[in-house]
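Some notes on the structure that comes next.
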Number of protein chains: 2
Amino acid sequence: MAKSSKIPDPTIERLAQYSRPLEVLLKNGALLILSEKLAELCGVSPAQVRKDLAYFGEFGIRGVGYDIRALLQEIKHILATDREWTLCIVGMGNLGRALVENENFQRRGYNFVAVFDSDPKKIGKTLPCGLTIEPANKIRELIRKLGITIGVISTPPFEAQRVANLLIDSGIKAILNFAPTRIRTPDNCAVENVDFTVKLENLAYHLGKIS
Amino acid sequence: MAKSSKIPDPTIERLAQYSRPLEVLLKNGALLILSEKLAELCGVSPAQVRKDLAYFGEFGIRGVGYDIRALLQEIKHILATDREWTLCIVGMGNLGRALVENENFQRRGYNFVAVFDSDPKKIGKTLPCGLTIEPANKIRELIRKLGITIGVISTPPFEAQRVANLLIDSGIKAILNFAPTRIRTPDNCAVENVDFTVKLENLAYHLGKIS
DNA sequence: CCTATTATGTGCATAAATTCACAATAAGCT
DNA sequence: AGCTTATTGTGAATTTATGCACATAATAGG
Ligand SMILES: NC(=O)c1ccc[n+]([C@@H]2O[C@H](COP(=O)([O-])OP(=O)(O)OC[C@H]3O[C@@H](n4cnc5c(N)ncnc54)[C@H](O)[C@@H]3O)[C@@H](O)[C@H]2O)c1
Ligand SMILES: NC(=O)c1ccc[n+]([C@@H]2O[C@H](COP(=O)([O-])OP(=O)(O)OC[C@H]3O[C@@H](n4cnc5c(N)ncnc54)[C@H](O)[C@@H]3O)[C@@H](O)[C@H]2O)c1
């Protein structure tokens with residue numbers, strides 16, 4: 001049963017990772033998987049896999065393993081990815097465009113329904129995906145009209161907090177931020193940051209210890 | 001002093017994060033910062049900041065704070081970002097192009113010196129940044145010739161492991177992987193994965209608990 | 001030169017996350 | 001049915017990371 005208050009944060013992150021190979025296996029027609037196998041595919045320990053899943057219920061069959069289809073469904077349900085989400089992107093530069101054209105998001109239920117920019121030269125342009133770039137001053141209106149719940153920020157860092165405030169003001173409850181700066185949000189708005197250079201610096205650190 | 005074996009992994013990640021606001025402060029002419037202020041800017045506790053830094057030495061002045069310029073230099077030295085790195089990108093789709101055009105990397109000493117693709121229609125094209133897309137079969141040759149140490153993978157997931165093997169074979173010691181799949185590397189090759197959809201699923205989980 | 005003030009550096013306590021090890025249980029076999 | 005085998009689910013032990021609280025050291029002011 002879901003003792004929902006006490007779930008470790010890393011567990012949530014791993015659940016998403018578990019779903020990747022499960023999807024592939026399911027597509028390939030596999031029916032069953034052992035914690036040991038899934039662990040290996042994800043680079044974690046088998047006990048970790050079992051414990052992560054056990055936080056939410058008993059999804060396996062002792063002595064047998066996990067039914068792949070059922071397990072995937074459970075994980076998707078836990079992560080609330082068994083429904084459709086509507087998102088918008090603010091800042092349609094190189095990264096924003098790469099995001100909106102990537103069909104991985106769509107396939108997982110993350111639907112971009114509006115994209116914004118403040119550059120007059122970009123506003124009004126229609127993208128290959130069919131969306132037209134809207135001016136930043138329509139953010140509030142369109143978020144409400146289209147019922148957008150997740151906002152993606154891919155503006156330069158200096159604009160990120162201003163944009164975040166605008167999104168929060170418009171009722172957004174979750175933000176994915178690609179600008180390499182921390183943005184502040186009230187407690188009722190979740191933020192996840194993606195900063196590639198931090199990852200690179202991690203690599204550099206490890207390389208530096210060798211060479 | 002560097003008891004280098006016992007540094008927590010999260011500490012390394014945070015060091016990179018500390019450097020962001022420090023760079024901004026330095027540019028703005030600030031000279032001094034307190035652990036409390038830096039902590040606030042990064043969303044961590046002041047004790048955490050001090051402890052993280054203390055793993056590597058005594059960089060502050062008691063009763064006074066940290067000299068911003070010196071601290072930044074120390075952090076860069078620890079992370080080995082006080083030197084230049086040469087990298088290549090394999091897979092010049094939307095994401096690969098966004099990465100190579102982003103001057104943030106260059107500014108931090110991460111220099112893309114070669115980019116590869118397997119699509120004949122893309123090979124030979126010259127990008128705004130001045131690099132020409134090379135065929136995948138020149139990966140080995142160019143990595144050696146240009147002394148490339150870090151490889152970036154932005155191919156579809158199905159190709160990622162194959163590409164990784166090629167990079168490892170060519171002597172690469174660190175890989176930044178954007179394909180949403182785990183890649184296996186020998187112990188002497190570090191990997192960092194960047195998976196946006198995992199972050200989104202994190203957000204969805206938190207949203208799901210509310211609405 | 002001494003005292004008050006301030007903010008760092010750090011040993012110790014606490015909390016969080018992972019791993020261990022085994023009891024529980026399902027399925028197959030005889 | 002009972003016995004064997006396999007793998008899950010989980011409490012307890014261990015490891016890892018964070019936070020606390022104060023000793024330490026530097027500075028400023030009288
Ligand atoms: N491109 C990458 O590979 C990459 C990698 C890591 C981080 N990032 C970060 O992601 C962000 C975007 O990167 P990019 O390469 O697409 O940059 P970019 O300069 O190509 O695009 C930024 C876009 O944001 C728009 N913009 C600026 N202010 C705005 C505002 N207030 N409202 C709406 N739109 C606004 C600009 O007009 C521009 O189109 C940056 O913060 C960058 O540091 C990018
Ligand atoms: N675009 C995004 O916003 C985004 C977001 C998250 C993850 N990703 C992931 O990043 C990767 C790249 O995304 P994208 O949007 O640029 O995809 P894309 O399809 O636009 O580009 C992939 C490129 O890789 C090339 N390629 C394929 N096999 C290759 C090989 N063996 N050697 C060299 N090149 C090869 C293709 O020719 C193509 O140019 C994908 O795995 C994607 O899932 C992308």
Side-chain angles (χ1 to χ4, degrees), chain A residues 1-18 22 25 30-75 78 198 202 205, chain B residues 1-18 22 25 30-75 78 198 202 205:
Chain A
M1 283 304 123
K3 312 119 188 174
S4 56
S5 50
K6 294 300 301 160
I7 313 289
D9 242 43
T11 290
I12 303 303
E13 194 126 325
R14 280 191 300 267
L15 284 183
Q17 279 159 358
Y18 298 157
L22 288 177
L25 287 166
L31 297 174
L32 213 72
I33 191 160
L34 309 184
S35 61
E36 191 182 337
K37 185 78 191 307
L38 184 54
E40 218 236 309
L41 289 169
C42 298
V44 303
S45 75
Q48 185 78 82
V49 169
R50 296 200 297 273
K51 178 141 287 195
D52 283 342
L53 296 173
Y55 281 117
F56 299 94
E58 304 201 3
F59 306 140
I61 305 161
R62 296 181 188 205
V64 178
Y66 297 88
D67 178 280
I68 292 178
R69 181 185 302 276
L71 180 58
L72 193 52
Q73 202 149 19
E74 289 287 358
I75 291 177
I78 293 163
V198 168
N202 242 301
Y205 171 74
Chain B
M1 285 303 124
K3 313 121 186 168
S4 53
S5 51
K6 296 299 303 158
I7 313 289
D9 243 44
T11 290
I12 303 302
E13 194 126 328
R14 279 190 301 266
L15 284 183
Q17 280 158 0
Y18 298 157
L22 287 177
L25 288 165
L31 297 174
L32 212 71
I33 189 157
L34 309 183
S35 62
E36 191 183 337
K37 186 80 191 306
L38 184 54
E40 218 235 309
L41 289 168
C42 298
V44 304
S45 76
Q48 185 78 79
V49 169
R50 296 201 297 275
K51 178 143 290 197
D52 283 342
L53 296 173
Y55 280 117
F56 299 94
E58 303 202 2
F59 305 140
I61 305 163
R62 295 178 189 207
V64 179
Y66 298 87
D67 178 280
I68 291 177
R69 182 185 300 278
L71 181 58
L72 193 51
Q73 203 150 19
E74 288 289 357
I75 291 177
I78 293 163
V198 168
N202 242 301
Y205 171 74

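Proteins come first, then strands; the chains are lettered A, B, ... in the order of their sequence lines, and each starts at number 1.
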Send over the distance from [X] [atom1] to [N] [atom2], rounded to a whole Å.
X	N	atom1	atom2	value
I7(B)	dT10(C)	CD1	P	13 Å
D52(A)	dT18(C)	CG	P	7 Å
F56(B)	dT8(C)	CZ	P	18 Å
R50(B)	dT6(C)	CZ	P	15 Å
Y66(A)	dT7(D)	OH	C1'	9 Å
E58(A)	dG11(D)	CD	P	11 Å

If you compare every side-chain N and O of [X] against the phosphate oxygens of [N] (OP1, OP2), does one of them come in below 4.0 Å?
X	N	result
Q48(A)	dA17(C)	no
S45(A)	dT19(C)	yes
Y55(A)	dT18(C)	no

So do [Y] and [X] actually touch side chain to side chain, heavy atoms under 4.5 Å?
X	Y	value
Y205(A)	D9(B)	no
P8(A)	T11(A)	yes
I78(B)	F59(B)	yes
L53(B)	F56(B)	no

Could you measure the distance from the CD atom of E74(B) to the OH atom of Y18(B)? Nearest 0.5 Å is fine. 15.5 Å
Contacts of Q17(A) meeting side chain to side chain contact (heavy atoms under 4.5 Å, CB included) (sequence neighbours excluded), chain-then-number -> E13(A), R14(A), V198(B)
Listing, residues 35-43 of chain B side-chain donor-acceptor contacts under 3.5 Å, not counting sequence neighbours, or none:
| residue | atom | partner | partner atom | Å |
| --- | --- | --- | --- | --- |
| S35(B) | OG | R50(B) | NH1 | 3.1 |
| E40(B) | OE2 | R184(A) | NH1 | 3.1 |

Please list residues of residues 31-38 of chain B whose heavy atoms come under 4.0 Å from any atom in DNA chain C, ordered by number; otherwise none. L34(B), S35(B)
Please give me every residue in residues 8-16 of chain A whose heavy atoms get under 4.0 Å of an atom in DNA chain C, ordered by residue number. P8(A), D9(A), P10(A), R14(A)
Write down the protein N/O and nucleotide N/O pairs, taken from nucleotides 12-14 of chain D, whose separation is under 3.5 Å; answer none if there are no such pairs.
| residue | atom | partner | partner atom | Å |
| --- | --- | --- | --- | --- |
| dA12(D) | N6 | K51(A) | NZ | 3.3 |

Return the polar atom pairs (N/O with N/O) between nucleotides 23-25 of chain D and the protein under 3.5 Å, or none.
| residue | atom | partner | partner atom | Å |
| --- | --- | --- | --- | --- |
| dT24(D) | O4' | R62(B) | NH1 | 3.4 |
| dT24(D) | O2 | R62(B) | NH1 | 3.0 |

Closest listed nucleotide, where the reference is the side chain of I61(B) and the choices are dA26(D), dT8(C), dT10(D): dA26(D)
Relative to the 5' end of DNA chain C, which residue comes earlier, V44(A) or F59(B), by the nucleotide with the nearest heavy atom? F59(B)
Could you list the residues that satisfy side-chain hydrogen bond (donor to acceptor under 3.5 Å, both in side chains) with Q73(A), not counting sequence neighbours? none
Side-chain donor/acceptor pairs under 3.5 Å, residues 62-72 of chain A, sequence neighbours excluded:
| residue | atom | partner | partner atom | Å |
| --- | --- | --- | --- | --- |
| D67(A) | OD1 | R69(A) | N | 3.2 |
| D67(A) | OD1 | A70(A) | N | 2.8 |

